[in-house]
Q: 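Handing you this structure, nothing more for now.
Letters A, B, ... mirror the listed sequences (proteins, then strands); counts begin at 1.
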Amino acid sequence: MTELPELRHTAAHVLAYAVQDLFPDAKPTIGPAIENGFYYDFDRAVPFTPEDMEKLEARMREIVAADYEMTGREVTRAEAIESFRDNPYKVEMAREIPQGQPITLYSIGEFTDLCRGGHAHRTGEIGAFKLQSVAGAYWRGDEKKPMLQRIYGTAWHTQAELDAYLQQLEEALRRDHRKLGAELDLFSIEEAAGGGLVFWHPKGAIVRGIIEDFIREGLRERGYLPVITPHVVSERLFETSGHLENFAQNMFGPLEVEEQRYRLKPMNCPGHILIYKSRLRSYRDLPLRYSEFGTVYRFERSGVLHGLTRVRGFTTDDGHLFLRPDQLQREFEQALDEALRLLRAFKFDDFFCYLSTREPLLRGATDDAAEAAIRAALESSKLSYTLDEGGGAFYGPKLDINVRDAIGRVWQLGTVQVDFTLPERFDLTYRGNDGHEHRPVMIHRALAGSMERFFGILIEHFAGAFPAWLAPVQAVVVPISEHQAAYAHEAAAQLRGAGFRVEVDESNEKLGYKIRHWKTQKVPYILVAGKQEVADSTLNVNARGVEEKRTLTVASFIEELRSAVLSLS
RNA sequence: GCCGUUGUAGCUCAGUGGUAGAGCACGCCCUUGGUAAGGGCGAGGCCACGGGUUCAAUCCCCGUCAACGGCUCCA
């Protein structure tokens with residue numbers, strides 16, 4: 001059977017064929033297979049309309065039904081350039097194919113494309129496909145180059161697979177944190193305040209508080225010290241740190257106050273460094289571990305903002321470690337360990353890491369030592385990782401932790417980075433046991449990444465149905481009629497007294513309506529109080545995801561909820 | 001920022017060159033109920049904003065802003 005990438009690549013050719021037929025003015029450029037589908041970029045003066053897409057899809061169906069054979073032949077560079085002389089993109093590609101590599105043309109029916117190959121044998125092998133969207137895309141991803149029109153599609157062996165994929169897309173839509181955020185009243189982004197700035201509503205803020213408490217608890221156990229640093233500081237600080245030089249395009253512009261320029265901080269590290277520098281440090285002080293839920297502001301171009309996952313103001317669960325070089329491995333291990341504890345608690349059990357090392361030009365002996373320490377830490381944590389040699393890490397080697405969520409999407413969360421640069425820039429020292437000054441190493445680490453993004457991912461991961469320990473409302477007491485209202489309040493008071501987040505639903509509605517309401521609000525426990533329950537001092541427990549209803553005394557429900565919360569379920 | 005799409009009630013969306021509608025949500029009333037929607041009434045709109053065309057613009061044209069889907073980048 002044809003592999004999916006080959007089938008999708010073929011589908012891209014079919015699309016280009018259809019475009020050639022229906023819109024001969026469009027110049028095909030490149031059209032690869034991608035995850036779940038394919039795209040093809042065209043240069044065309046007039047944009048494709050939704051109606052164009054329908055026509056293209058219909059024409060593609062004919063091409064697939066015609067079951068053309070995919071035939072390839074090798075040509076010389078000159079022949080390739082000649083046959084695409086009206087298409088500068090193809091000519092550019094033909095020119096750039098390295099010497100010695102075969103140049104091939106592939107044809108289906110009346111359509112021939114410059115292509116390295118990897119196709120289905122016949123167009124009929126494309127079992128099911130669908131065009132999805134049109135979008136602008138720069139030629140070769142370079143915004144200085146012409147904007148092309150990219151048509152996205154998806155293709156599968158069978159209709160059933162296509163349907164399953166489309167259903168998965170719907171599921172993702174259903175879980176979209178922007179949608180659930182509004183429905184569950186968790187957060188909003190307000191036009192009146194500006195894009196990319198998050199307003200946490202009470203229910204969202206409650207969840208965030210629980211997450212923060214959880215993280216703080218772990219940090220306390222691991223010897224982190226809390227610090228709190230200003231949001232706006234003199235620009236000079238970022239000159240020293242190098243942010244103005246390297247990160248300025250991501251920073252908000254300067255604020256002028258009494259002829260001094262100030263900046264919103266884009267990172268917390270310079271502030272933490274100032275605390276380190278505020279007095280002399282001894283080797284005995286190290287490792288020194290500072291942590292802060294530090295709110296930072298970064299300028300992002302308006303087009304990239306997205307819900308909670310891409311914002312302009314966010315709070316990192318930041319931490320900076322100041323270390324002797326010999327402490328690097330142990331501390332790195334600890335940071336990893338803490339990251340895994342966090343991820344497991346939030347029911348992520350599929351994660352993997354990318355280790356990016358410093359660009360070769362910047363590498364020194366310290367890098368090798370740090371890299372060895374990180375690798376050793378990774379081995380001992382039994383974490384699988386992919387190495388990204390020279391992967392752009394500027395300060396030192398860096399480890400990114402990615403998770404796969406409940407519907408298979410991958411997110412980057414935490415990061416642990418070794419930094420040799422800032423200690424130099426700020427001339428950080430500690431007094432060694434030899435009486436001399438030494439240079440500490442820094443680790444930057446954020447485990448959840450940012451509270452905003454982490455929350456957004458959690459919403460989607462749980463589809464808004466937070467486990468009881470996280471749920472902003474853990475239980476609702478629902479009196480069947482107003483005769484049970486007093487009892488409902490009494491029960492709720494007991495539950496609150498036991499430390500739980502509980503509401504009472506006194507609305508003038510029938511039971512079925514209230515049940516439906518709280519089910520859609522994804523509250524873990526709905527506690528029904530009718531005549532019978534009042535008489536017996538019990539509650540009828542309707543637990544989320546559990547068909548069977550049980551009648552429990554208030555005390556035994558408290559026990560049950562308590563153990564659910566303690567086990568983080 | 002760039003390309004495309006969209007902007008009508010709190011939300012989801014109809015609609016028309018002659019100043020606007022539904023469902024849900026909201027308020028009041030009736031109802032006092034047994035596990036996913038009981039009934040009635042009511043309130044709610046600078047039809048995103050600014051220009052233009054027209055006797056007349058929510059509708060047509062231009063611009064701006066915002067959201068959404070991408071490109072690029074990242075927590």
Q: Could you tell me whether Phe314(A) and Tyr297(A) have their ring centroids closer than 6.0 angstrom?
A: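 They do not qualify: ring centres at least 6.0 Å apart.
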
Q: When rounded to the nearest Å, what value does the distance between C1' atoms of U64(B) and G27(B) take?
A: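 My reading of the C1' atoms in U64(B) and G27(B) gives 38 Å.
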
Q: Give one of base, sugar-phosphate or nothing for Glu533(A), where a contact means two heavy atoms less than 4.0 Å apart.
A: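 Base contact.
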
Q: Quick one: Glu506(A) CD to G33(B) C1', roughly how many Å, whole number?
A: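 One finds 15 Å between C1' of G33(B) and CD of Glu506(A), rounded.
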
Q: Would you mind reading off the distance between Arg140(A) atom CZ and G70(B) atom P, rounded to a whole angstrom?
A: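 Atom CZ in Arg140(A) sits about 23 Å away from atom P in G70(B).
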
Q: Using a cut-off of 4.0 Å on non-hydrogen atoms, how would the nucleic acid contact of Val311(A) be classed: base, sugar-phosphate, or nothing?
A: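 Answer is base: heavy atoms of Val311(A) come under 4.0 Å of a base.
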
Q: Decide if the gap between the ring center of Phe454(A) and the ring center of Phe346(A) is smaller than 6.0 angstrom.
A: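 For Phe454(A) and Phe346(A), the ring centres are under 6.0 Å apart.
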
Q: Between G1(B) and Ser302(A), is there an OP1 or OP2 to side-chain N/O distance shorter than 4.0 Å?
A: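 Yes.
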
Q: Rounded to the nearest angstrom, tell me the gap between atom CG in Asp41(A) and atom P in U72(B).
A: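 Going from CG in Asp41(A) over to P in U72(B) covers 10 Å.
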
Q: Can you see if the side chain of Gln149(A) gets near the phosphate of C3(B) - specifically, an N or O under 4.0 Å from OP1 or OP2?
A: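 The answer is no; no side-chain N or O of Gln149(A) sits under 4.0 Å from OP1 or OP2.
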
Q: Roughly how many Å apart are C60(B) and U16(B), using the P atom of each and rounding to a whole number?
A: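 About 10 Å, rounded to a whole number of Å.
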
Q: Checking all strands, does Asn508(A) fall into the base, sugar-phosphate, or nothing category for heavy-atom contacts under 4.0 angstrom?
A: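 Base: the residue Asn508(A), judged by heavy atoms under 4.0 Å, touches a nucleobase.
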
Q: Looking at every strand, decide which applies to Arg301(A) at a 4.0 Å heavy-atom threshold: base, sugar-phosphate, or nothing.
A: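 Base: the residue Arg301(A), judged by heavy atoms under 4.0 Å, touches a nucleobase.
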
Q: Counting side-chain heavy atoms from CB outward, which of C71(B), G69(B), U32(B) is closest to His483(A)?
A: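 Nearest nucleotide to the side chain: U32(B).
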
Q: Categorize Glu183(A) for me: base, sugar-phosphate, or nothing, with a 4.0 angstrom heavy-atom threshold over every strand shown.
A: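 If one applies the 4.0 Å heavy-atom cut-off, Glu183(A) turns out to touch nothing in the nucleic acid.
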
Q: Keeping Ser481(A) on the side-chain end and His483(A) on the backbone end, is there a donor-acceptor pair under 3.5 Å?
A: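 Yes, because the side chain of Ser481(A) sits within donor-acceptor range (under 3.5 Å) of the backbone of His483(A).
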
Q: Using a 6.0 Å distance limit plus a 45 degree cone around the ring axis, check whether Arg208(A) lies over the aromatic ring of Trp200(A).
A: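 The answer is yes; both the distance and angle limits are met.
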
Q: With C1' as the reference atom in both, quote the distance from C59(B) to A48(B) in angstrom, rounded to an integer.
A: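 To the nearest whole Å, 15 Å.
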
Q: Is the NZ or CZ atom of Arg216(A) both under 6.0 Å from the centre of the six-membered ring of Tyr224(A) and within 45° of that ring's axis?
A: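 No, cation not above the ring by the 6.0 Å, 45° rule.
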
Q: Once you apply a heavy-atom cut-off of 4.0 Å, does Gly141(A) come out as touching a base, just sugar-phosphate, or nothing?
A: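 Since only primed, P, OP1 and OP2 atoms lie under 4.0 Å of Gly141(A), the category is sugar-phosphate.
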
Q: Can you tell me how far P of G34(B) sits from CG of Asp536(A), to the nearest Å?
A: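 From Asp536(A) CG to G34(B) P: 18 Å.
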
Q: Check every strand shown and say whether His517(A) touches a base, only sugar-phosphate, or nothing at a heavy-atom separation below 4.0 Å.
A: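 The residue His517(A) makes no contact with any strand.
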
Q: Does the side chain of His306(A) get closer than 4.0 angstrom to OP1 or OP2 of C74(B) through an N or O atom?
A: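 Looking at the OP1 and OP2 atoms of C74(B), neither is under 4.0 Å from any side-chain N or O of His306(A).
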
Q: Taking only the P atom of each, what is the distance from A57(B) to G15(B) in whole angstrom?
A: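 Their P atoms lie roughly 22 Å apart.
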
Q: OP1, OP2 of G69(B) versus side-chain N and O of Arg178(A): anything below 4.0 Å?
A: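 For Arg178(A), the contact criterion (side-chain N or O under 4.0 Å from OP1 or OP2 of G69(B)) is met.
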
Q: Using a cut-off of 4.0 Å on non-hydrogen atoms, how would the nucleic acid contact of Asn540(A) be classed: base, sugar-phosphate, or nothing?
A: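 Base contact.
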
Q: Taking only the C1' atom of each, what is the distance from G33(B) to G10(B) in whole angstrom?
A: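 Those two atoms are separated by 29 Å.
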
Q: So Arg425(A) and Glu245(A), salt bridge (Lys or Arg N to Asp or Glu O under 4.0 Å) or not? Walk me through it.
A: CA-CA 13 Å; Arg425(A) 281 185 165 272; Glu245(A) 198 180 317; 3.4 Å; yes

Q: Would you kindly check whether a donor in the side chain of Arg310(A) faces an acceptor in the base of C74(B), or vice versa, at under 3.5 angstrom?
A: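 For Arg310(A), whose side chain was compared with the base of C74(B), there is a donor-acceptor pair (under 3.5 Å).
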
Q: Look at all strands and tell whether Leu148(A) reaches a base, only sugar-phosphate, or nothing, counting heavy atoms closer than 4.0 Å.
A: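 Contact class for Leu148(A): none.
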
Q: Could you tell me whether Gly414(A) contacts a base, only the sugar-phosphate backbone, or nothing, with contacts defined as non-hydrogen atoms closer than 4.0 Å?
A: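 Nothing: the residue Gly414(A), judged by heavy atoms under 4.0 Å, touches no strand.
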
Q: Taking the nucleotide of RNA chain B with the closest heavy atom to each, which residue, Glu482(A) or Arg516(A), is nearer the 5' end?
A: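 Whichever sits nearer the 5' end wins; that is Glu482(A).
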
Q: Do the side-chain N or O atoms of Tyr152(A) get closer than 4.0 angstrom to the phosphate oxygens (OP1, OP2) of C71(B)?
A: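 Yes, such a contact exists.
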
Q: Mark yes or no for a side-chain to base donor-acceptor pair under 3.5 Å between Glu300(A) and A75(B), with no hydrogen or angle criteria applied.
A: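 A donor-acceptor contact between them is present.
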
Q: With rounding to whole Å, what would you report as the distance between A67(B) and U8(B) at their P atoms?
A: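 Nearest-Å result for A67(B) against U8(B) at atom P: 14 Å.
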
Q: Closer to the 5' end of RNA chain B via nearest nucleotide, is it Thr551(A) or Pro47(A)?
A: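 Upstream on the strand: Pro47(A).
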
Q: Please report the distance separating the P of A14(B) from the corresponding atom of G7(B), rounded so that it comes out in whole Å.
A: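 Rounded to whole Å, the distance is 8 Å.
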
Q: Evaluate the criterion ring-ring contact (aromatic ring centres under 6.0 Å, His included) for residue pair Phe23(A) and Phe42(A); output intermediate values, then yes/no.
A: CA-CA 10 Å; Phe23(A) 307 98; Phe42(A) 300 93; 9.1 Å; no

Q: Among C71(B), U35(B), G33(B), which is the nearest nucleotide to the side chain of Ile480(A)?
A: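 Between C71(B), U35(B), G33(B), the one nearest the side chain of Ile480(A) would be G33(B).
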
Q: Please check: side-chain N/O of Gln149(A) versus main-chain N/O of Gly136(A), any donor-acceptor pairing under 3.5 Å?
A: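 No.
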
Q: Report the C-alpha separation of Lys27(A) and Glu92(A) in whole Å, then their side-chain angles, then the decisive distance to 0.1 Å, and conclude whether the salt bridge (Lys or Arg N to Asp or Glu O under 4.0 Å) test is met.
A: CA-CA 13 Å; Lys27(A) 291 185 173 61; Glu92(A) 183 178 327; over 6 Å; no

Q: What nucleic acid atoms does Gly530(A) come within less than 4.0 Å of, heavy atoms only: base, sugar-phosphate, or nothing?
A: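 It contacts base atoms.
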
Q: Could you tell me how far apart Met147(A) (CE) and G69(B) (C1') are, to the nearest whole angstrom?
A: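 My rounded result for the distance is 13 Å.
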
Q: Would you sketch RNA chain B in dot-bracket for me? Only Watson-Crick or G-U wobble pairs with both distances under 3.5 Å count, crossing pairs as [ ], other-strand pairs as |, the rest as dots.
A: (((((((..((((....[..)))).(((((.......))))).....(((((..]....))))))))))))....

Q: Do Tyr138(A) and C2(B) have a side chain to base donor-acceptor pair shorter than 3.5 Å?
A: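 Yes, the side chain and the base share a sub-3.5 Å donor-acceptor pair.
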
Q: Atom NE2 of His177(A) to atom P of C68(B): distance rounded to whole Å?
A: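 About 9 Å, once rounded to whole Å.
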
Q: Which of these nucleotides, A25(B), C71(B), A36(B), is closest to any side-chain atom of Tyr513(A)?
A: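 Output: A25(B).
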
Q: Write down the distance separating the C1' atoms in G50(B) and U58(B), rounded off to the nearest Å.
A: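 The same atom, C1', in both gives a distance of 15 Å.
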
Q: Over all strands shown, is Lys514(A) touching base, sugar-phosphate only, or nothing at heavy-atom distances under 4.0 angstrom?
A: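 No contact.
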
Q: What is the distance, to the nearest angstrom, from the CG atom on Leu169(A) to the P atom on G69(B)?
A: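 The answer, rounded to whole Å, is 12 Å.
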
Q: Under 6.0 Å from the ring centre and within 45 degrees of the ring axis: does the NZ or CZ of Arg140(A) meet both conditions for the six-membered ring of Tyr138(A)?
A: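 So Arg140(A) doesn't make the cation-pi contact.
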
Q: Can you tell me how far P of C74(B) sits from CE of Met251(A), to the nearest Å?
A: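 After rounding, the gap between these two atoms is 17 Å.
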
Q: Reckon Tyr354(A) has a side-chain N or O less than 4.0 Å from the OP1 or OP2 of C74(B)?
A: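 For C74(B), OP1/OP2 do not have a side-chain N/O of Tyr354(A) under 4.0 Å.
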
Q: Aromatic ring centroids of Trp156(A) and Phe129(A) under 6.0 Å?
A: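 So the answer is no for these two rings.
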
